[in-house]
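For reference, the structure discussed in these notes is given below.
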Number of protein chains: 4
Amino acid sequence: MKKPAFLLLLTAIICLTANGQRKIINLPDLPGYVTMKCDFHMHTVFSDGNVWPSYRLSEALRDGLDAFAITDHIEYTPKKAYVPVDLNAGWKIIESLAKENNIIAVHAAEITRDMPPGHLNALFIQDASLLAVDSVYNAIEAAVKQGGFILWNHPGWKSQEPDGIPKIYDLHKKLLKNGWINGIEFFNDSEFYPLVLEWCKQYNLAVMGNSDVHGIISESYPEPEYTHRPMTLVFAKERTSAGLKEALFAGRTLVWFGNTLGGREEYAKPFFYRSISVGKPYFDNLRNIYFEVTNKTDIPFYLVNGPAGAPASITLNANAITRIVLSKKVTAPLVYDVKNIMTGDSAVLKAELKF
Amino acid sequence: MKKPAFLLLLTAIICLTANGQRKIINLPDLPGYVTMKCDFHMHTVFSDGNVWPSYRLSEALRDGLDAFAITDHIEYTPKKAYVPVDLNAGWKIIESLAKENNIIAVHAAEITRDMPPGHLNALFIQDASLLAVDSVYNAIEAAVKQGGFILWNHPGWKSQEPDGIPKIYDLHKKLLKNGWINGIEFFNDSEFYPLVLEWCKQYNLAVMGNSDVHGIISESYPEPEYTHRPMTLVFAKERTSAGLKEALFAGRTLVWFGNTLGGREEYAKPFFYRSISVGKPYFDNLRNIYFEVTNKTDIPFYLVNGPAGAPASITLNANAITRIVLSKKVTAPLVYDVKNIMTGDSAVLKAELKF
Amino acid sequence: MKKPAFLLLLTAIICLTANGQRKIINLPDLPGYVTMKCDFHMHTVFSDGNVWPSYRLSEALRDGLDAFAITDHIEYTPKKAYVPVDLNAGWKIIESLAKENNIIAVHAAEITRDMPPGHLNALFIQDASLLAVDSVYNAIEAAVKQGGFILWNHPGWKSQEPDGIPKIYDLHKKLLKNGWINGIEFFNDSEFYPLVLEWCKQYNLAVMGNSDVHGIISESYPEPEYTHRPMTLVFAKERTSAGLKEALFAGRTLVWFGNTLGGREEYAKPFFYRSISVGKPYFDNLRNIYFEVTNKTDIPFYLVNGPAGAPASITLNANAITRIVLSKKVTAPLVYDVKNIMTGDSAVLKAELKF
Amino acid sequence: MKKPAFLLLLTAIICLTANGQRKIINLPDLPGYVTMKCDFHMHTVFSDGNVWPSYRLSEALRDGLDAFAITDHIEYTPKKAYVPVDLNAGWKIIESLAKENNIIAVHAAEITRDMPPGHLNALFIQDASLLAVDSVYNAIEAAVKQGGFILWNHPGWKSQEPDGIPKIYDLHKKLLKNGWINGIEFFNDSEFYPLVLEWCKQYNLAVMGNSDVHGIISESYPEPEYTHRPMTLVFAKERTSAGLKEALFAGRTLVWFGNTLGGREEYAKPFFYRSISVGKPYFDNLRNIYFEVTNKTDIPFYLVNGPAGAPASITLNANAITRIVLSKKVTAPLVYDVKNIMTGDSAVLKAELKF
């Protein structure tokens, strides 16, 4: 059949769908680093997802991400009766679109096995088809040989760990010894695993959090209940693919899901202090002084366990200025637990309001 | 490779994604007919859409539709480098899922040509691959031979009619004479063509309105700006595929998009009167009587051009009771133009409030 | 000063502000009774509220209430430096506006004392000023002599019961013996007290739930988090002030707050069965039958503890049709606990899905 | 009657209602000036408003305002049967609350007369009761003698100017000559009057925009349809009452309502250039260069009438980064009309995108 003339026009429209506008996410940079907002786990029709790869790019742009990875399953391709298996299809479809849109696409795939070792995303690879081998050990090795970053996904997923508690098996120990696990998902989809924070400290790994979306981001994390998808915040020397990779291997990350941050204290602490500013007292009377704390970020902070005489708890709403009324009798430093910044299995960040 | 054990579980999850709940749309039935809410125009990855066919079914269920058709382009399959052309794929994927979910799927395809005749959806066909022939006339004939209902899509689409005005060309006249055009889209995506209302009266065709969605329904018609996708309301003797088909060939339809209804007066009038009820006066004083009009539907009605002395305009909000304060001096019947019920190129429904 | 001409116009606008549209709340009537939606507890600038009485009427209309009471505090009038105490002011301002708007206003006031007896709303009174006497016993007697219905408000309010548990004191026993307590708030503002359900059964009192709003309803119960304010559903023989009063003294009520209903089983059971309808099976295969349950109300129902082999839990979304897939092996009746219909301190409604 | 013990607690709660959090509004400062967000026109129960004065303060805080004025009518006090006339009541109630909450309250009142001169707000006065005199000329003089800033409200209000067109009458000319009109409302409630932009240039007056709210701000400007109430942006040397007053008399303002800005070009131009930043090109190919424009403000900008070969129109969404694809053939400067920044009766800002 002859191609009708109007099809050229349709094609043009399709190119444009990947355009559009990137939302600004209000989060601070860290000294010497740019904060990259990333989602390293998502699926398309090339495995068990419901959408075309370019749609993932549109979603990522709209959400204001700096980087994203399509991670279709290598071993699970339930649509193959209609869509022939092509483990690099996602990457091929988005690679140049990403460049045109100033977003960093990461070539990736998901090694999808029984536990242990469970599921692992290989990020920054060159050819996913080389990972389609029987032995999971060999599959991981193939990814590592390509320069891949190995991310252990949802270690406490109930389908593989019925009690919901992640466990390090012998195979994981071997992989860790090899340096073949470089990050672990602390958060995935709607679950988080506090133990992962301890493991990442112990093994010096990147704490990660991702959507693992199969459907539609805006329907999975709808406004106004959600303001953002789950994401990994990466503190990179520069906003490039190389910068991103270096930062991930160095473990410079935090995870943001819902209103919770999780990660190592060394990043959480400066992140918090750069998120807020404490104003000079603007008013006082016989009993109290009045001052304000400005939170310029999209994350509210819940401060609890204040010192005697001070407000027991303080909520610093996102993108808001909070008034604090402090008794003049309080002389102790205003140290609080930041309830929604997790730094360990049962630890949260301690922070001081200084004015 | 051996199929890992957990994949059985993944498969089970996928079956469930098509389940869920159907929203109730509040619209009246007509005497002797059930009002079926339908969208007969949508695309998937099998042509230029962005989603998998089963996702269209999930959307239709959630939106409370009674029937829907996947209408992938026959002549335009831009993803064929990755997805081999299979013109019946959408149907095969949704057919049994639809039965399990008590929603009626219509086997369909979109004949996609230059103007004339432009784009035509063939509904209620048996095999879309038989429509993939060079001559558009032969393609339509192949659909008709299968018992197909031929819907002329977006006749004023600016890509094919730069002035936005639909035109009946000689080829359309021939098709109409053959009985090979059975309905026309009065509304498509975000455009409507008032002339279509006149043509449907003249040629005794079904007035149709559809989404033509390529992306995501919830993102194309987001709440609260939208309460529903555009749809064709079909007045069927029974809620079955056969009932739907009979009603469409008989032209018993209205179109609902945004807050506008369009179609023939013979259906619009009883539809309006069954949408509202006028209460007895509940209060009066020297000057006025007070009564209420109840609108139990999801459609607000905008009444304008009231008789002298009566309220000039009345808005009957959706799912609401509206108070009317009427001067006792008014003796004329309370006849209004219902501004948002279009019955012709420049005509709207006239209706009377009787109590 | 001469009154400028435009002020007539301003006055006209003010009259209109009480007009507008009543939202339809989708809830079933009970056999022989109309379900009246009511809020019997709200404040204005005539005690410690922030708005003018006519604004409460506007809110009530918009929310689709059938009846409401302004219940300003008798003993607590903190704005009296600017607003002279007038205990009947709220009633005088809304009485005729309510008639013009087909909403029932209840003349009322709140007796506001330390515990016991705490706070009590006197509903259906004639003159609130007669309740402004030192002895609370005499104040209640004055209300009763006017035909008043005595509602014990928020019996577990933490400002008066620091442990949050309501208690029946000797004074309450005396009042109950006199027949001087006719209803108790099971719900108030954002708190509920399950014990109240037992007391209302024991003493044959009306179970009540109200907003106790001081600020703005739409800000206290914002969409989409809330779909409605807390309310008392009253099953009246007719939608009149007399019908309402008769039903309240007879104790024919349920309380609806958030997604929870509370009250006596004798009203909760028929209310539930009239809320839903179970369809005939529409599909079956070797293993399962498929049927639908329609919930035409604004209240979702959460069914739990299903019989062996049947779905363990079923959510019947509000205004939605839910598909049920039932194993053919299940022969037991489909009896569930309706988790969100409370009928006692630790009891919920048991209900059966029959098709 | 003895005051019950719990009332102390109620009083404490009431003090707290004025607390809370100030939303951050994202707007740039101008060089040497801080941008103050202000609403200088609102009513309470002390004239024809529906709320208590402290509620206006709560709304202003929540909305992130820096300054506000309660401007109850002097000549129109329809609630006086219940609320004795006290023209300074609003001010007395909010004065100290405002200081405790770091928001600037302006002592004010509305002179409310037939046209001419219509309604005028007297801002920064000392005693509103001195303005309650028969002659409007004397009333204005009384305000001026107190150091008042005279704002001419809604000059084209249809109740006073049925054609909606504002007119300068002889009395206005006299007032202008005296220096007794210092600002005019370009926007009020939901109306704007482009002519006012010309008059403010001609007479060197402050362009103003205010809500004139009588009911509830969150209901008058509901999310997500609105992101903010209408406001006057004042460019002040310091965020104090004195700084505000100096800036107003100097006419350093812009008005922001809906998505529209209005005011003098000398403030609109730097405001626009400080709102956006144009990035370096990040990509190019044979035909095009790609760059981004960042708009860090809450105001979208609609650029139209681009030079030949460049995008004809560009929308810079609020708080978003917009990608621009520019043909390498374009050599003309990228000058656009900013459609939603009005600088005159029929003029909009012209601005250039430079990278």
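These figures come from a predicted structure and were not determined experimentally. Excluded from the calculations below are hydrogen atoms, water molecules and symmetry mates; all remaining heavy atoms, backbone and side chain alike, are included. Quick note on labels: first sequence line is chain A, next is B, and so on, each numbered from 1.
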What about D/Phe235 and D/Tyr33, are their ring centers closer than 6.0 Å? no

Tell me which pairs pass salt bridge (Lys or Arg N to Asp or Glu O under 4.0 Å) where either residue lies in residues 222-231 of chain D, with sequence neighbours left out. D/Asp39-D/Arg229, D/Asp63-D/Arg229

Check the angle between the aromatic planes of D/Tyr221 and D/Tyr226 and answer parallel, tilted or perpendicular using the 30° and 60° thresholds. perpendicular

Please look at A/Asn288 and chain D and tell me whether the side chain, the backbone, both or neither of the residue comes under 4.5 angstrom of a heavy atom of that chain. neither

Under 30°, 30 to 60°, or over 60°: which ring-plane class applies to D/Phe291 and D/Phe355, parallel, tilted or perpendicular? parallel

If we define contacts as heavy-atom pairs under 4.5 Å, which of A/Thr294, A/Ile25, A/Thr315 has the most with chain D? A/Thr315

Top contributor to chain A interface from D/Asn26, D/Asn102, D/Asn317 [non-hydrogen pairs under 4.5 Å]: D/Asn102

